[in-house]
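When a residue number appears, it is its place in the shown sequence, counting from 1. The figures that follow rest on heavy atoms only: side chains count, while hydrogens, waters and symmetry mates do not. Since this is a predicted model, take the numbers as computed values, not measurements.
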Amino acid sequence: MLVIGLDLAGPSNHRDTVLTVFQLNKNHLTFQKMISNISDEEILSELIDLSKSAKLFIGIDAPLSYQDGGGDRTSDKELRKYIVSLGMKSGSIMPLQHIQEWYI
């Protein structure tokens with residue numbers, strides 16, 4: 001079995017999208033390869049090719065929603081406005097891409 005890790009950065013950001021492949025060997029994983037700067041089409045093609053020779057287990061890290069081009073989503077803006085009305089600083093709410101950069 002192959003264990004695939006996929007970090008999706010968004011439809012217009014292939015640069016930060018990464019696919020990793022590990023071979024499951026009894027109770028440990030062995031690194032096989034990593035592909036970065038990969039498009040959706042390339043991901044699909046790679047997964048189809050890999051599935052021809054082994055079963056796949058795929059873990060995906062992806063945003064629940066996406067603001068094309070980055071920046072605040074409508075929900076971010078509304079939450080930011082609300083917390084400012086409570087006296088908090090607007091910087092307490094970060095757009096999703098900033099949170100992702102901290103995570104990396």
Side-chain angles (χ1 to χ4, degrees):
M1 176 184 289
L2 296 176
V3 177
I4 311 295
L6 182 56
D7 186 352
L8 299 172
S12 62
N13 185 7
H14 299 165
R15 181 178 47 96
D16 294 329
T17 297
V18 178
L19 181 136
T20 55
V21 180
F22 297 87
Q23 176 69 50
L24 179 61
N25 299 310
K26 294 189 181 181
N27 62 351
H28 69 279
L29 297 174
T30 303
F31 176 78
Q32 299 292 305
K33 65 179 167 179
M34 179 182 80
I35 306 169
S36 58
N37 194 18
I38 185 170
S39 71
D40 292 350
E41 293 82 17
E42 292 167 317
I43 291 168
L44 185 56
S45 177
E46 183 69 22
L47 294 176
I48 289 169
D49 287 346
L50 291 170
S51 70
K52 291 176 182 174
S53 62
K55 291 183 179 182
L56 305 181
F57 179 89
I58 304 171
I60 301 174
D61 178 9
L64 296 176
S65 64
Y66 180 78
Q67 175 69 22
D68 195 20
D72 283 348
R73 296 169 291 174
T74 302
S75 57
D76 297 326
K77 290 177 187 175
E78 291 172 4
L79 184 56
R80 188 183 310 278
K81 184 187 290 187
Y82 177 70
I83 67 161
V84 168
S85 75
L86 297 175
M88 294 176 65
K89 295 181 180 181
S90 66
S92 299
I93 303 298
M94 294 185 303
L96 192 57
Q97 75 271 15
H98 293 138
I99 294 171
Q100 181 182 21
E101 289 169 10
W102 283 17
Y103 176 73
I104 293 170

Would [X] end up clustered with [Y] when hydrophobic side chains under 4.5 Å apart are linked, directly or stepwise?
{"X": "Phe57", "Y": "Leu8", "answer": "no"}
{"X": "Val3", "Y": "Leu50", "answer": "no"}
{"X": "Ile60", "Y": "Ile38", "answer": "yes"}
{"X": "Ile43", "Y": "Met34", "answer": "no"}

- Message: Quick check for you: to the nearest 0.5 Å, what is the distance between Asp7 atom CG and Thr17 atom OG1?
- Response: 7.0 Å
- Note on the structure: Rounding to 0.5 Å, atoms CG (Leu19) and NZ (Lys33) come to a distance of 8.0 Å
- Message: If the test is side-chain contact (heavy atoms from CB on, under 4.5 Å), which one of Ile48, Asp49, Leu47 qualifies with Ser45?
- Response: Asp49
- Query: Would you say Gln23's side chain and Met1's backbone share a donor-acceptor pair under 3.5 angstrom?
  - Reply: yes
- Item | Under 3.5 Å: donor-acceptor pair, side chain of Ser85, backbone of Tyr82 |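 Indeed, once roles are kept as given, a pair shorter than 3.5 Å links the two residues.
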- Message: With a 4.5 Å cut-off on side-chain heavy atoms, are Leu24 and Leu29 touching?
- Response: yes
- side-chain contact (heavy atoms from CB on, under 4.5 Å) between Glu42 and Ile35: does it pass, once the steps are laid out? CA-CA 10 Å; Glu42 292 167 317; Ile35 306 169; over 6 Å; no
- Residues Phe22 and Phe31: closest non-hydrogen pair is CD2-CA, 3.5 Å
